[in-house]
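Not measured: the values here are computed from a predicted model. When a ligand or atom number is given, it counts from 1 through the structure's own listing order.
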Amino acid sequence: MKVLVIGSGGREHAICASFRKSEKITGLYCADGNAGIAEIAECVPIKPDNIAELAKFAEENSIDLTFVGGETPLALGIVDEFEKRGLKIVGVSGQAARLEASKSFAKDFMVRHFIPTAHYKTAESPSEAIEILESGEFGDAENPVVVKADGLAAGKGVVVAQNRREAVAAINELKNLVGETAAGKIVLEECLFGKEVSLLLFADGKNFALMPPTRDHKRIGEGDTGANTGGMGTITDSAILGAKETAKVVEEIIVPTLEGAEKDGFPIRGILFLGLMMTKTGAKLIEYNVRFGDPETQAILIRLKTDLIDICEAIISGSLENTKIEWREGSSACVVLASKGYPQKAQTGDVISGLSEAEKLEGIEIFHAGTSRGENGEIVTSGGRVLGVSATAGNLQEALNKAYQAVEKISWNGMQYRRDIGK
Ligand code: AMP
Ligand code: GLY
């Protein structure tokens, strides 16, 4: 089978690595890839948002299956276009992608289908948002409140404001931060407290299969301090979400979501990612993503034992119910290594050393994000998040120990990472 993966980050490297393990693979392509992906797949120089060119490539190269990594092509309707041309593709439709691409659409959907979430209000302009705050709907001036740009903002569209003054500043700043389009509407939200869990699932429109529960580490600094990032590390471990809690999330959030989406005319066929907050009064849904997480995927897929191609075919044919999906027992961890200056302004072009030594360690897989080849063929940094060092083991502590042992072998000028992932 010839498979095309769309995207160029650590997530897509992990997805490619999973496909590479399949005996059914006869060709693996990635648009547009990175230096690590180039070791296991043929990189194709087409950007993920160039849907017409991607479809043409798939047709001309007889691609049997396309897998979409990120949200942008999904929101642009890549799945609808491929399906129209009779091309097999895994990912949600443009209609379903609105669950991620518009926060107000997602919140209205949650309320319509009685899914537990934070109280919210959508404003059409910054002045309306400020009026809502001043009306006291989100408590007094000292109350925390969350300010969100409605549209896709690559993780930059959310500010957890500690009080009304910070919220007003965030509202006024939002357009500069994420652009006019994404900040066209503003969602104000009650601030929730608790531990966050990322729960991902495969869905075929009706049936679903859960992946191991995951925890991301979003802040740049140890002890969850400093600026928000795309994610500095992840773990998977059964203790993140116990069996009882999982059953409740299935009943109160997952089933109503899948049934609601089907009823509303956009069945969810692909990957669904729930951002959950475990509050004192139960799990509440913060957000939907309609794709794999980055770096959640780098910790999840190294535990997958079932052939990813079989899962993809079950998603497309609606037969997930009859597909047994097996995971390696135990836990996993992924530690992200980032460039100097990330997340503000990442320094690039630094030569990375120690990669092959680290890769030799047992139970380790290294996923590239911002890497490229330098003039002499050496691997150099080319982005903010550069590598994800992933490990699996019988328990979380062992997985973390292994990952950090591998991290110690790798270095470049200004490399930064958190030493407290999973602590
Ligand atoms: P999102 O892009 O919606 O995932 O938001 C990014 C991050 O902001 C989340 O992972 C949470 O840490 C935080 N966040 C979003 N909404 C809320 C909320 N209602 N209460 C508290 N924290 C939130
Ligand atoms: N790691 C969070 C995300 O992929 O959205």
Ionic contact status for Lys21 with Asp307, cut-off 4.0 Å
no
Heavy-atom nearest neighbour in the protein, as seen from atom 5 (O) of ligand 2, with distance rounded to 0.1 Å
Arg291 NH2, 2.9 Å
Strictly under 4.0 Å, does any heavy atom of Gly230 approach an atom of ligand 2?
yes
Sub-4.0 Å atoms of ligand 1 with respect to non-hydrogen atoms of Glu196:
9 (C), 10 (O), 11 (C), 12 (O)
So the atoms of ligand 1 within less than 4.0 Å of a heavy atom of Glu189 turn out to be 16 (N), 18 (C), 19 (N)
Carboxylate-amine/guanidinium proximity below 4.0 Å for Glu259 and Lys206:
no
Non-hydrogen atom of Gly293 closer than 4.0 Å to ligand 2:
yes
Do Arg20 and Glu42 meet the salt-bridge criterion of a basic N to acidic O distance under 4.0 Å?
no
With heavy-atom distances below 4.0 Å as the criterion, list the atoms of ligand 1 near Met277.
21 (C), 22 (N)
Shortest heavy-atom approach to atom 1 (N) of ligand 2 - which of Gln298, Glu296, Glu71, Arg11
Glu296
By the definition salt bridge (Lys or Arg N to Asp or Glu O under 4.0 Å), identify the one residue from Lys107, Lys103, Lys148 that meets it with Glu287.
Lys103
So if I apply the salt bridge (Lys or Arg N to Asp or Glu O under 4.0 Å) rule between Asp224 and each of Arg418, Lys218, Lys195, which one comes out positive?
Arg418
Per-atom contacts of ligand 1 with Val146, taking only distances under 4.0 Å to non-hydrogen atoms
16 (N), 17 (C), 18 (C), 19 (N), 20 (N)
Parallel, tilted or perpendicular, as decided by the 30° and 60° cut-offs, for the rings of His113 and Phe109:
tilted
Lys2 atom NZ: more than 12 heavy-atom contacts under 6.0 Å
yes
Does NZ belonging to Lys47 count more than 12 external heavy atoms closer than 6.0 Å?
no
Does Asn289 approach ligand 2 within less than 4.0 angstrom via side chain, backbone, both or neither, non-hydrogen atoms only?
side chain
Nearest non-hydrogen protein atom to atom 4 (O) of ligand 1, with distance, is Glu287 OE2, 2.5 Å
In terms of residue, atom name and distance, what is the protein heavy atom nearest to atom 13 (C) of ligand 1?
Val160 CG2, 3.9 Å
Where is the nearest protein heavy atom to atom 20 (N) of ligand 1: which residue, which atom, and how far?
Leu192 N, 2.8 Å
Going by the 4.0 angstrom heavy-atom rule, the piece of Glu190 near ligand 1 is backbone
Stacked cation flag Arg419 on Tyr417, 6.0 angstrom / 45 deg
yes
Taking only Lys NZ, Arg NE, NH1 and NH2, and the carboxylate oxygens of Asp or Glu, determine whether Arg98 and Glu100 approach each other closer than 4.0 Å.
no
Near Lys218, which atoms of ligand 1 are under 4.0 Å from a heavy atom of that residue?
10 (O)
Can you sort out which atoms of ligand 1 are near Lys148, meaning under 4.0 Å from one of its heavy atoms?
3 (O), 15 (C), 16 (N)
Protein heavy atom at shortest distance from atom 8 (O) of ligand 1
Val158 CG1, 3.5 Å
So the atoms of ligand 1 within less than 4.0 Å of a heavy atom of Cys191 turn out to be 20 (N), 21 (C)
Does an N or O from Asp216, backbone or side chain, lie closer than 3.5 Å to an N or O of ligand 2?
yes
For Lys305, does the NZ atom sit with more than 12 other heavy atoms under 6.0 Å from it, leaving out its own atoms?
yes
